[in-house]
Amino acid sequence: MKTERLLTAALCMLLIFPMYGQSVKNGAEYRRFYLAVHAGPDFALGASNTILSEKLLLPATKRGFSPGFDGAWFFTKNYGVGVKYAFYKSNYEEESYREFTEQAYDSPVYEYKSLSFKEETHIVGPAFYARWPLGNSKWMIVTNAGVVLLHDKLSRIEKETRYIVSGYVSPEQFPGEKIGAADHKGITAGFALSAAIRYQLAPFAGISIQTNGLYGSVSKMEYYNQWEERYENGDISRKIRRIGLSAAIDFCF
């Protein structure tokens, strides 16, 4: 919790949304419309173990890549409203290899386990934007926060257990197991916020480094029941807690 609070505080101090033109001679020149595109890595905060079955538990993805864009209209020089969109994609792969010691065997027996799946998240929704220049310079702090529609998808879910034996131990004693699951999809409301520091390159463009946070909790997920040959909703929950770091370029009008 302490780490999450520190990261959340840091995220409130830096962000990505450039939206004012500035000339060297006349100082800050505020423009009402802007469009910013950004991309960078995202990292999971805390734990989010999603139980699909007794044998299939999916942890939070460790890291992923997240591009997105923001568009806003400023009704004053410091405050505005707009819309934000972002897409998160991650591949989870984990392997373990250890000696199998549940029983004593004449020859060594090793257990190999692997788990893999893909995760995709889309967010879109309205946001409130704010910006403050750092003196009469080309630097500016820009922040935004909003409630977004969050769609999360888990796919290509596969878990495998294999045993590796040597000597005269028969492999038939250790059949192993390979299981998978259908795609799981869930929709919920989430909260997104960002903070960035921006440098004005030209009256109509700038670059930014931003931190961003995404918080949401999916309580039900839809999946295809192949035995019943129909889609069903299950009480399967997954928490979304991520913080990211992105580079951005923006255009002001």
Side-chain angles (χ1 to χ4, degrees), residues 1 4 8 39-69 83-97 102 111-127 145-163 174-194 212-244:
M1 278 300 291
E4 184 172 344
T8 303
D42 276 14
F43 303 89
L45 292 176
S48 177
N49 293 329
T50 303
I51 302 173
L52 301 186
S53 67
E54 292 183 359
K55 297 182 178 181
L56 202 50
L57 182 148
L58 305 185
T61 52
K62 297 177 181 179
R63 64 184 64 87
F65 182 72
S66 181
F69 71 85
V83 62
K84 64 190 293 109
Y85 167 80
F87 170 68
Y88 171 88
K89 185 174 184 179
S90 177
N91 296 331
Y92 184 93
E93 295 182 0
E94 186 177 75
E95 296 178 323
S96 65
Y97 183 79
E102 291 187 9
E111 182 182 60
Y112 167 82
K113 289 185 177 182
S114 66
L115 173 66
S116 63
F117 63 93
K118 294 181 180 292
E119 182 168 19
E120 296 179 358
T121 304
H122 295 263
I123 66 166
V124 63
V147 176
V148 296
L149 181 68
L150 186 155
H151 178 274
D152 194 59
K153 177 182 178 181
L154 304 172
S155 63
R156 300 188 181 183
I157 304 165
E158 187 175 277
K159 182 179 180 181
E160 182 179 8
T161 302
R162 284 191 284 125
Y163 295 92
F174 312 95
E177 185 179 41
K178 188 173 183 179
I179 59 177
D183 294 355
H184 282 64
K185 305 175 184 178
I187 298 176
T188 188
F191 179 71
L193 75 118
S194 299
N212 51 78
L214 176 63
Y215 305 87
S217 182
V218 179
S219 59
K220 290 183 179 293
M221 301 192 85
E222 181 187 70
Y223 64 96
Y224 183 73
N225 186 331
Q226 60 179 349
W227 307 112
E228 300 291 336
E229 296 185 342
R230 64 183 183 185
Y231 286 95
E232 295 183 354
N233 286 313
D235 292 327
I236 299 170
S237 63
R238 187 170 182 82
K239 292 181 180 179
I240 308 295
R241 302 285 189 274
R242 299 190 190 121
I243 189 168

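These numbers were taken from a predicted model, which means no experiment stands behind them.
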Checklist entry - Counting N and O atoms only, with roles assigned by atom type, does the side chain of Lys84 sit under 3.5 Å from a partner on the main chain of Ala127, one being a donor and the other an acceptor? => result no
Checklist entry - Is there a side-chain contact between Val218 and Thr50, using heavy atoms and a 4.5 Å cut-off? => result no
Item to check | Nearest non-hydrogen partners of Ile157 and Ala182, listed with the distance | outcome: CD1-O, 3.6 Å
Next on the checklist: If the threshold is 4.0 Å, N to carboxylate O, is there a salt bridge linking Arg162 and Glu160?
Outcome noted: yes
Item to check | Gap separating the CG atom of Asp42 from the OG1 atom of Thr61, nearest 0.5 angstrom | outcome: 9.0 Å
Checklist outcome for this item: Shortest non-hydrogen pair, Ser116 vs Glu93, comes out as CB-CG, 4.1 Å
Next on the checklist: Return the CD1 to CG distance between Ile123 and Asn212, rounded to the nearest 0.5 Å.
Outcome noted: 8.0 Å
Checklist entry - Between atom OG of Ser219 and atom CD1 of Ile187, what is the distance when rounded to the nearest 0.5 Å? => result 11.5 Å
Next on the checklist: If I compare all heavy atoms of Phe191 with all of Val148, which pair ends up nearest, and what's the gap?
Outcome noted: N-CG2, 4.5 Å
Next on the checklist: For a side chain to side chain contact (heavy atoms under 4.5 Å, CB included) check, start with the C-alpha distance between Leu56 and Leu115, then their side-chain angles and the critical distance, and finish with the verdict.
Outcome noted: CA-CA 9 Å; Leu56 202 50; Leu115 173 66; 4.2 Å; yes
Checklist entry - Parallel, tilted or perpendicular for Phe87 and His122, by the 30°/60° rule? => result tilted
Checklist entry - Between the side chains of Tyr92 and Glu94, is a donor N or O closer than 3.5 angstrom to an acceptor N or O? => result yes
Checklist entry - More than 12 heavy atoms of other residues, nucleotides or ligands under 6.0 Å from OH of Tyr97: is that the case? => result yes
Checklist outcome for this item: Minimal heavy-atom distance between Leu52 and Ala181, with the atoms involved, is CD1-CB, 4.1 Å
Item to check | Over all atoms of both residues, closest heavy-atom pair of Leu45 and Tyr215 | outcome: CD1-OH, 4.5 Å
Checklist entry - Can you find a heavy atom in the side chain of Tyr224 that is under 4.5 Å from one in the side chain of Glu229? => result yes
Checklist entry - Below 4.5 Å, heavy atoms only, C-beta onward: do Phe117 and Pro59 meet side chain to side chain? => result yes
Item to check | Distance-only polar pair, side chains of Arg242 and Ser66, donor-acceptor under 3.5 Å | outcome: no
Checklist entry - Can you name the one residue among Arg156, Arg238, Lys153, His184 that meets side-chain hydrogen bond (donor to acceptor under 3.5 Å, both in side chains) with Glu119? => result Arg238
Item to check | Evaluation steps, side chain to side chain contact (heavy atoms under 4.5 Å, CB included), between Phe65 and Lys89 | outcome: CA-CA 6 Å; Phe65 182 72; Lys89 185 174 184 179; 5.7 Å; no
Next on the checklist: Going by side-chain contact (heavy atoms from CB on, under 4.5 Å), Asn233 matches just one of Glu222, Met221, Lys185. Which one?
Outcome noted: Glu222
Next on the checklist: Quick check: closest heavy atoms across Thr188 and Ser217, and the distance to 0.1 Å?
Outcome noted: OG1-O, 3.2 Å
Next on the checklist: Tell me whether the count of non-hydrogen atoms from other residues, nucleotides or ligands lying under 6.0 Å of CD1 in Ile51 goes above 12.
Outcome noted: no
Checklist entry - CG of Leu214 to CZ of Arg241: how many Å apart, nearest 0.5 Å? => result 9.0 Å
Next on the checklist: To the nearest 0.5 Å, what is the distance between CD on Glu158 and NZ on Lys178?
Outcome noted: 4.0 Å
Checklist entry - Can you check whether Lys113's main-chain N or O pairs, donor with acceptor, with Thr161's side chain at less than 3.5 Å? => result no
Checklist entry - What distance separates Leu193 CG from Ile243 CD1, expressed to the nearest 0.5 Å? => result 8.5 Å
Item to check | Intermediate values then yes/no, side chain to side chain contact (heavy atoms under 4.5 Å, CB included), Tyr88 and Asp152 | outcome: CA-CA 9 Å; Tyr88 171 88; Asp152 194 59; 5.9 Å; no
